[in-house]
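Letters go in sequence order (proteins before strands), and every chain restarts at 1.
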There are 2 protein chains.
Amino acid sequence: MQLELSVDRGSPVPLYFQLSQQLEAAIEHGRLTPGSLLGNEIELAGRLGLSRPTVRQAIQSLVDKGLLVRRRGVGTQVVHSQVKRPLELSSLYDDLESAGHRPTTKVLVNTVVPVSPEVAATLGVDEAGEVHRIERLRLAHGEPMAYLCNYLPLGLLDLDTRQLEATGLYRLMRAAGITLHSARQTIGARAAGAAEAERLGEERGAPLLTMQRVTFDDTGRTVEFGTHTYRPDRYSFEFQLLVRS
Amino acid sequence: MQLELSVDRGSPVPLYFQLSQQLEAAIEHGRLTPGSLLGNEIELAGRLGLSRPTVRQAIQSLVDKGLLVRRRGVGTQVVHSQVKRPLELSSLYDDLESAGHRPTTKVLVNTVVPVSPEVAATLGVDEAGEVHRIERLRLAHGEPMAYLCNYLPLGLLDLDTRQLEATGLYRLMRAAGITLHSARQTIGARAAGAAEAERLGEERGAPLLTMQRVTFDDTGRTVEFGTHTYRPDRYSFEFQLLVRS
DNA sequence: GTAGTTCGATTGTCCGGACATACGGATTGA
DNA sequence: TCAATCCGTATGTCCGGACAATCGAACTAC
């Protein structure tokens with residue numbers, strides 16, 4: 001079987017990226033079957049008119065994604081497992097939307113409040129200052145699924161309630177020119193109190209899935225601190241992990 | 001401030017790895033302060049007697065770890081945030097041990113059973129075959145913390161009950177020459193049934209944190225399928241996420 | 001027949017160079 | 001004063017080559 005590969009040197013898209021995309025697509029569509037060898041780098045480079053470092057860069061990016069495995073003296077082969085995608089820093093909104101649900105959002109609170117010492121510490125703002133506080137209810141198919149409480153520093157972006165109901169918080173931040181970099185998450189569970197049970201349409205004492213998240217942008221600023229609770233019968237966290245070598 | 005860096009060309013350790021380790025240590029110990037520039041690659045290469053590709057490889061590995069950020073036309077700087085480590089494919093045993101707890105394990109069941117259709121499907125074994133089934137109770141400071149139920153294909157490694165009580169499953173697999181590659185996890189919550197409540201010293205209906213995991217090795221084989229339940233007052237999942245660019 | 005050895009194949013590491021591209025500050029112009 | 005432009009600087013991409021380390025299979029010797 002000879003895989004059709006080609007690169008366009010006139011394109012502004014980097015050559016290694018063109019190649020890695022074609023390889024990824026070939027894996028995705030089964031044209032490269034799991035376990036099959038990829039052919040050695042030198043020969044591949046020659047066939048495409050590329051240098052070996054360029055080919056290696058393309059392959060490496062797919063290795064990092066967990067789609068390929070390299071073995072010295074053997075070759076590079078396609079991982080044969082149901083590897084889908086590594087965990088992304090994703091938003092609940094995007095998760096739901098890509099899963100085919102039609103998420104809707106109801107903004108319960110959207111104000112500016114004086115910070116508590118705890119929030120000031122995690123966001124890294126002055127203890128005497130103020131922060132945004134938003135509370136939202138996320139519904140799928142009209143049913144409440146999650147209750148989201150977030151704190152954001154002032155001046156980062158303007159939080160329009162209408163926009164918050166139309167899309168997710170992460171999209172708003174990206175649209176405001178903030179490039180997300182990393183987040184620290186804690187996932188746990190606890191019994192529902194009276195108020196939060198009411199909000200999610202559950203009974204008091206029912207199990208809730210909880211998530212706390214602190215998000216940083218690429219300059220290291222803390223841009224968001226959120227406390228979320230989910231109905232475990234309607235939502236769970238699902239993701240792929242890769243060992244770091 | 002001039003950072004002291006040096007490489008040993010006699011060492012079998014790759015040069016780029018020596019450099020990246022030194023840089024990581026410097027960041028860890030605060031000798032490279034957050035936000036500070038790293039000095040341009042060309043000059044750094046010259047100072048160390050290395051080529052630029054080698055220096056780039058070292059820097060790239062730290063960028064992948066989320067410790068550094070590159071900006072074209074500006075330079076490479078240390079991320080200033082409380083980034084610790086990205087999420088690893090780690091075992092509960094290692095987690096607890098590194099957190100200073102003294103985990104102990106009680107093996108409840110360690111047998112070979114005929115597969116159920118569900119387990120056969122996830123492990124990818126024949127529906128008429130058999131698999132290992134182990135049930136363990138993990139305790140920290142003598143208190144029950146998690147109940148672990150795992151299925152493994154036969155012939156992968158021998159499961160000695162004494163070894164299982166002395167260490168974690170992942171360590172046993174690594175010791176048996178299995179190189180873990182990736183895992184698919186699902187984290188959720190539910191109310192405790194009578195039996196599992198009893199095992200964890202909880203009451204019936206108490207919230208439990210649940211985790212399901214399917215683990216693959218580097219050849220794509222499915223090597224483990226586990227269903228775990230945790231007492232949420234004693235355990236939660238905590239990890240760092242990076243955006244993939 | 002079995003164990004040890006050799007050898008080809010393939011990736012891993014490293015080098016030195018070249019040009020492209022984007023960011024930020026300084027300069028220039030209105 | 002402010003906006004547009006220029007330019008230095010640093011990373012991004014790409015090349016061609018060299019040698020080392022490792023795996024697996026064929027081969028050899030016992």
Looking just at side-chain N and O atoms, do Thr161(A) and Asn110(A) make a donor-acceptor pair shorter than 3.5 Å?
yes
Looking at residues at least two apart in the chain, or sitting in another chain, which of them share a salt bridge (Lys or Arg N to Asp or Glu O under 4.0 Å) with Arg72(A)?
none
Calculate the interatomic distance between Arg70(B) atom CZ and dC23(C) atom P; express it in whole Å.
15 Å
Please list all pairs passing the salt bridge (charged side-chain N to carboxylate O under 4.0 Å, His left out) test where one or both residues lie in residues 49-59 of chain A, with sequence neighbours left out.
Glu41(A)-Arg52(A), Glu41(A)-Arg56(A)
Outermost nucleotides of DNA chain D that come under 4.0 Å of a non-hydrogen atom of chain A
dT13(D) to dG24(D)
Residue list, salt bridge (Lys or Arg N to Asp or Glu O under 4.0 Å) with Arg162(B), at least two apart or on another chain
Asp160(B)
Name the atoms and distances for all side-chain donor-acceptor pairs under 3.5 Å in residues 128-136 of chain B, with sequence neighbours left out.
residue	atom	partner	partner atom	Å
Arg133(B)	NE	Glu135(B)	OE2	2.9
Arg133(B)	NH1	Tyr151(B)	OH	2.3
Arg133(B)	NH2	Glu135(B)	OE2	2.6
Glu135(B)	OE1	Tyr147(B)	OH	2.5
Arg136(B)	NH2	Asn150(B)	OD1	3.1

Divergence of helical axes at both termini of the helix from dG1(C)-dC30(D) to dA30(C)-dT1(D) - five pairs an end, 10° steps:
10°
Here the residues of residues 11-19 of chain A within 4.0 Å heavy-atom distance, strictly under, of DNA chain D are Pro14(A), Leu15(A), Tyr16(A)
Distance, rounded to the nearest Å, where Arg52(A) contributes CZ and dT11(C) contributes P
7 Å
My understanding is that only residues two or more places apart in sequence, or in another chain, count here; which of them pass side-chain hydrogen bond (donor to acceptor under 3.5 Å, both in side chains) with Ser51(B)?
Thr54(B)
Counterpart residues, side-chain hydrogen bond (donor to acceptor under 3.5 Å, both in side chains), relative to Asn40(B) (two or more places apart)
none
Just how far, in rounded Å, is C1' of dA20(C) from CZ of Arg72(B)?
8 Å
Residues in ring pair (Phe, Tyr, Trp, His ring centres under 6.0 Å) contact with Phe237(B), at least two apart in sequence or another chain
Tyr230(B), Tyr235(B)
Val74(B) or Gln60(A): which one's nearest nucleotide on DNA chain C is closer to the 5' end?
Gln60(A)
Judged by modelled atom types alone, do Gln60(A) and Arg70(A) share a side-chain donor-acceptor pair under 3.5 Å?
yes
Could you tell me which residues satisfy side-chain hydrogen bond (donor to acceptor under 3.5 Å, both in side chains) with Ser61(B), sequence neighbours excluded, listed by chain and number?
none
Result for 5'-nearest mapping on DNA chain D, choosing between Ile42(B) and Pro53(B), is Ile42(B)
With sequence neighbours excluded, residues passing side-chain hydrogen bond (donor to acceptor under 3.5 Å, both in side chains) with Gln21(A)
none
